[in-house]
Amino acid sequence: QAKKLGGSCMAFFEPELQTAADERMQLERELGSGIAEGQFVAYFQPQFDCAGALIGAEALIRWQHPTRGLVLPDEFIPFAAQSDCINQLHALMLAQVCEVLVKIGNFDTLPSGFSIAVNICPRQFRDHKLESHLDSVLSAYGISPHLIKLEITENLLMDTLQDAAAQLSRLRELGFRVSLDDFGTGYSSLSYLQNIPVDELKIDKTFIHAMHSGTGGTAIVDAVIALANLLGFGVIAEGVESEDQLKLLHDKPISGLQGYQTCRPLPADAFLSSIANSQPTPEPA
Ligand code: C2E
Ligand code: MG
Ligand code: MG
Ligand code: MG
C-alpha cells in the first residue's frame, strides 16, 4: 500500500507536470503586463432558439498571448479571480460587450429580448462596487441594462444565500437579467431555487453530452427543463455539440441553446457580420 502511494506521489514530479506548473506561474506573472498591453479580447458565442432564430450571445474572454497564441479562460481565470486583476478583466470585457452592442444598435432589427451575457465570478459579485461599476460603464456607452445578462454560478450562493439574493434583486431592479450558469454541477441544495431571484438556468454541458435517445437518456435534462418551467425561469442548453443533441433538444420547451453545433465563439467582427448577414435585406426604394 505504502509503495503504491509512494508511486503515485512520485508522479507529481514528472517533468510534464513540472512544466505545466511552471507555465501557469509564468502566465500568472504576465497577467498584469498582458492587461496593460491590451491582450485580452471578448469572443461571442451566439445563442439560438429551437427554431434557429438568434436570441443573444455569451461573451467569453480570450488572452491573445504574444508567444502562446489564443489562451482559453480556464488557464488564467482561476488565478486572476484571486486578485484584483479580475476586476480589470471584467471591466475590459464589459467595455468590449458595450462596443458590440452599440454597433448592433445600428442594425434595423435587433431580435426582441436580445441580450449579451457576461460571466461574473464570486469575487466580483461580492464587490460592493459592482453596481456602480456596471452603471458607469453602461452609461458611458448609452447601453440599457436590459441588454446585459449576468451569469453567476451556484457556488456563489452557497455561503451567503441571503446576501446573494438581496444583491441579485438589486441588479434585477436596475434592469439586468441574471442567469444561473453550469446549473446542476454545484454542491448546493435545490431548495435555494425557490428563493433565488434569477431569470434563467443554463443546463451544464455535462448533462447535454450525456443525452442519448432511448429510455431515460434525457431524464436529467427533461427534469431540469420541467423544474425551470414550473418555477418560471427560462432555460438554456449549453455545450450542444452534435446533430443528435440538437435533435433531442428540438421539441423541448427551452428558451435557447448554445454550442459548437450551431456556432463556435467568434471574434467581435465575425460575430457582427454574422448578425448583419442574417438581417433582412432592405426593400428597394
Ligand atoms: P462557461 O461560462 O460555462 O462558458 C461556456 C464554455 O463552454 C466556454 O468555454 C465555451 O467556449 C464552451 N463551449 C461552447 N460550446 C461548446 C460545445 O459545444 N462543447 C463544449 N465542450 N464546450 C463548448 P471557454 O470560453 O473556454 O470558457 C470557460 C469558462 O471560463 C466559462 O465557462 C466561464 O466560467 C469562464 N469565463 C469565460 N469568460 C469569462 C469572463 O469574462 N469572466 C469570468 N469571470 N469568467 C469567464
Ligand atoms: Mg457562462
Ligand atoms: Mg456554463
Ligand atoms: Mg463553466
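Ligands are counted one by one from 1 in listed order, and the atoms in each one are counted from 1 as well.
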Heavy-atom distance to atom 22 (N) of ligand 1: which of Phe40, Tyr260, Phe76, Tyr43 wins?
-> Tyr260
Taking Asp199 for its side chain and Val178 for its backbone only, find out whether a donor-acceptor pair lies under 3.5 Å.
-> yes
Is Glu238 close enough that one of its N/O/S atoms sits under 2.8 Å from the Mg ion (ligand 2)?
-> no
In the single-linkage hydrophobic clustering (I, L, V, M, F, W, Y; side-chain heavy atoms under 4.5 Å), do Leu174 and Ile143 co-cluster?
-> yes
Is it the case that more than 12 heavy atoms not belonging to Leu54 sit under 6.0 Å from its CG atom?
-> yes
Which of these, Pro73, Pro78, Ala42, has its nearest heavy atom closest to atom 26 (O) of ligand 1?
-> Pro73
Report, in ascending order of atom number, the atoms of ligand 1 lying under 4.0 Å from any heavy atom of Asp182.
-> 3 (O)
Of the N, O or S atoms in Asp182, the one nearest the Mg ion (ligand 3) | OD1
Ligand 1 to Ile61 polar contact by distance, N or O atoms, under 3.5 Å = yes
Salt-bridged, Glu99 to Lys103, with N to O below 4.0 Å?
-> no
N or O pair under 3.5 Å between Arg62 and ligand 1 | yes
Quick one: do the Gln162 and Asn195 side chains pair a donor with an acceptor below 3.5 Å?
-> no
When the ring centroid of Phe76 is compared with that of Phe40, is the distance short of 6.0 Å?
-> yes
State which residue, out of Ile254, Val235, Leu249, Leu248, fulfils the side chain to side chain contact (heavy atoms under 4.5 Å, CB included) condition with Val221.
-> Leu249
Between Gln261 and ligand 1, find which residue part has any heavy-atom pair under 4.0 Å and reply side chain, backbone, both or neither.
-> neither
Heteroatom test (N, O or S) for Ser179 near the Mg ion (ligand 2), limit 2.8 Å | no
Between Asp204 and Thr206: side-chain donor-acceptor atoms closer than 3.5 Å = yes
Presence of salt bridge, Asp163 and Arg126, under 4.0 angstrom = no
Would you say the side-chain atoms of Glu30 and His65 include a donor-acceptor pair closer than 3.5 Å?
-> yes
Residue selection (non-hydrogen contact nearest atom 6 (C) of ligand 1) among Met93, Glu238, Gln96, Lys205 | Lys205
Atom name, Glu58 (N, O or S, nearest to the Mg ion (ligand 2)) | OE2
Val240: numbered ligand 1 atoms lying under 4.0 Å from its heavy atoms | 18 (O)
Report yes or no: do Gln258 and Gln47 form a side-chain donor-acceptor pair below 3.5 Å?
-> yes
Of all the atoms in ligand 1, which lie at a distance below 4.0 Å from a heavy atom belonging to Leu60?
-> 4 (O), 8 (C), 10 (C), 11 (O), 25 (O), 37 (C), 38 (N)
So the atoms of ligand 1 within less than 4.0 Å of a heavy atom of Gln45 turn out to be 14 (C), 15 (N)
Counting distance only, does the side-chain N/O of Arg177 pair as donor-acceptor with the main-chain N or O of His146 below 3.5 Å?
-> yes
Under 4.0 Å to a heavy atom of Pro265 - the qualifying atoms of ligand 1, by number | 11 (O)
Min heavy-atom dist His90 to ligand 1 below 4.0 Å | no
Of all N/O/S atoms in Asp181, the name of the one nearest the Mg ion (ligand 3) = OD1
Report yes or no: does Gln167 contribute a side-chain atom to a donor-acceptor pair with the main-chain N or O of Phe125 at less than 3.5 Å?
-> yes
Looking at the Mg ion (ligand 2), which N/O/S atom of Glu151 is the nearest one?
-> OE1
Can you find a non-hydrogen atom of Arg264 under 4.0 Å from ligand 1?
-> no
Going by the order shown, which atoms of ligand 1 are within less than 4.0 Å of some heavy atom of Asp181?
-> 1 (P), 2 (O), 3 (O)
Any N or O of Gln258 that comes nearer than 3.5 Å to an N or O of ligand 1?
-> no
Subset of ligand 1 atoms that lie under 4.0 Å from at least one heavy atom of Gly259 = 15 (N), 18 (O)
